Amino acid sequence: MSNNHLENLLLEINNEGIATLTINRPEKLNALNEQVLTELEKAISEVNKNRAIRVLIVTGAGEKAFVAGADIKELNTLNKISGEKLSSRGQQIFDAIENSRIPVIAVINGYALGGGAELAMACHIRIATDNAAIGLPEVSLGLIPGYGGTQRLPALVGKSKAMEMILTGKPIQADEAFRIGLVNRVLPADEAVPHALNLAATIMKNAPLAVAAAIEGVNASGSGNGFAREAMLFGRLCETEDFTEGTSAFLEKRKADFKGK
Ligand code: COA
C-alpha cells in the first residue's frame, strides 16, 4: 500500500519488515474522523495481507497527541441509528487491530483520549512517552466509550480502576498508566519509537506462525473456550516447519532459521 492512497495516515515500511503507521492530522490532534477511520481500516487490512510485514507500530503525528479521540464535530450530529452504527464500525476496526496476525505496538506520544485510548488499548503492547495522558472523557460529552473502551479497559486494569476512569472521565498521566498496567513502559519522547523498534526486533526473532497463534491464544483468554483454543493452536503449530526447525535448532545448539511455514 502506498501513501498515495492515504491523506491522514503515513505508512512506512523499513527493510526489516517493521511498518510504522502514523495518524497524521496534527492540526486536530489526530482526532479520528470518518476519513481517518476508513483509511485506518484499509491500512490494517493491507498490512495484514503483506507477508513482508512482521510488526506494526502505531503512533500519532506531532509532539502533543497520539489521538485526541473521535472527531467531536462529527459526533455532534449523531442520532440513535447513526450512533450505534458508528460505534459498531469503530469496534470492528479496532477488533481487526486486536486480532491482527502481526503484533501491533502503540507508541502513545501525548494525549490518548476517547477513541485514542481505545485505539491504544486494541494494540498488543503500549509504550507511552512521559508526557502522555490517557483517558476516556466521553461521559463529559454525554456519551460512553463506543470503540470498545468499556470492554477493554476493565480487561486491562480491572473493573474498579476502569469504572473510576470512565465515570470521572479524567485522564491519567503516563506514570499512573504504567502503575496500573495500562501501558507496558514509559520513556522520554525520543526513546519511545527506538524502544518499540527494539521490541519489534526481539519479537521478529521468533517463529512468525507461533507469534500469530500466541496473539490468537491470548485474545481468547476469558472468552469461555480459551483453554480449548490454546490446545488447538498448540497442536496446529506442531505441524509447522518452523516448529521442527525451532526444536531441532535447540537440540543441535544452533540458531533457528524460521521461514514462517
Ligand atoms: N475532535 C475534534 N477536534 C478536536 C478534538 C476532537 N476529539 N480534539 C482536539 N480537537 C481540535 C480542537 O478543536 C482544535 O481545533 P481548532 O484549532 O480548529 O480549534 C485543535 O484540535 C487543537 O486542540 P485544542 O483544544 O486547541 O488543544 P489544547 O492543547 O488546548 O487541548 C485537549 C488539548 C486534548 C485537552 C483538547 O483538545 C480536548 O479536550 N480535546 C477533546 C478530547 C475528547 O473529549 N476526546 C474524546 C472524544 S470521544
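Keep in mind it's a predicted model, so treat the numbers as computed, not measured. Counting starts at 1 for both ligands and their atoms, following the listed order.
- Polar contact check, Ala70 against ligand 1: a nitrogen or oxygen pair lies under 3.5 Å apart.
- Within ligand 1, counting atoms from 1 as listed, the ones closer than 4.0 Å to a heavy atom of Glu27 are 20 (C), 21 (O).
- Ligand 1 has no N or O atom lying under 3.5 Å from any N or O atom of Gly114, backbone or side chain.
- Nearest protein neighbour of atom 31 (O) of ligand 1, counting heavy atoms only, is Leu29 CD1, 4.5 Å.
- Using a 4.0 Å threshold on non-hydrogen atoms, atom 19 (O) of ligand 1 does not count as touching the protein.
- Between the side chain of His124 and the backbone N or O of Glu98 there is at least one donor-acceptor pair closer than 3.5 Å.
- Judged purely by distance below 3.5 Å, without hydrogens or angles, the side chains of Thr129 and Asn109 never pair a donor atom with an acceptor atom.
- Residue Gly115 has no N or O atom closer than 3.5 Å to an N or O atom of ligand 1.
- Within a 4.0 Å radius of atom 36 (C) of ligand 1, the protein contributes no heavy atom.
- Nearest to atom 8 (N) of ligand 1 among the protein's heavy atoms is Ala68 CB, 3.6 Å.
- Listed by atom number, the atoms of ligand 1 under 4.0 Å from Pro137 heavy atoms are 43 (C), 44 (O), 45 (N), 46 (C).
- Comment: Arg89 does not engage Glu84 in a salt bridge, judged by the lack of any side-chain N to carboxylate O separation of less than 4.0 angstrom.
- Between Lys28 and ligand 1, at least one pair of N/O atoms sits closer than 3.5 Å.
- A salt bridge does not link Arg101 with Glu216: every distance from a Lys NZ or Arg NE/NH1/NH2 to an Asp or Glu carboxylate oxygen is 4.0 Å or more.
- Between Glu176 and Lys161 a salt bridge is recorded (basic side-chain N to carboxylate O distance below 4.0 Å).
- Grouping the Ile, Leu, Val, Met, Phe, Trp and Tyr side chains by contacts below 4.5 angstrom, directly or via other members, places Phe66 with Leu182.
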Show your reasoning for whether side chain to side chain donor-acceptor pair (under 3.5 Å) applies to Thr22 and Asn24.
CA-CA 6 Å; Thr22 306; Asn24 187 29; over 6 Å; no
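- At least one N/O-N/O distance between Lys64 and ligand 1 falls below 3.5 Å.
- Proximity of atom 23 (O) of ligand 1 to the protein is indicated by at least one non-hydrogen atom lying closer than 4.0 angstrom.
- Residue contacts with ligand 1 for Leu143 are absent, since no atom lies close enough (heavy atoms, distance under 4.0 Å).
- Atom CD of Glu230 is surrounded by 12 or fewer heavy atoms from other residues, nucleotides or ligands within 6.0 Å.
- Summary of contacts: the protein heavy atom closest to atom 41 (C) of ligand 1 is Ile72 CD1, 3.7 Å.
- Distance check for atom 28 (P) of ligand 1: a protein heavy atom is found below 4.0 Å.
- Using a distance-only test at 3.5 Å, with no hydrogens or angles considered, a donor-acceptor pair links the side chain of Ser223 to the main chain of Ala220.
- When each of Gln35, Lys28, Arg25 is tested with Asp71 by the rule side-chain hydrogen bond (donor to acceptor under 3.5 Å, both in side chains), just one qualifies, namely Arg25.
- Of the protein's non-hydrogen atoms, the one nearest atom 38 (C) of ligand 1 is Leu113 CD1, 4.7 Å.
- Protein heavy atoms are absent from the 4.0 Å sphere centred on atom 12 (C) of ligand 1.
- Among protein heavy atoms, atom 5 (C) of ligand 1 sits closest to Ala31 CB, 4.0 Å.
- None of Val107, Ile105, Leu156 except one satisfies the side chain to side chain contact (heavy atoms under 4.5 Å, CB included) rule with Arg126; the exception is Leu156.
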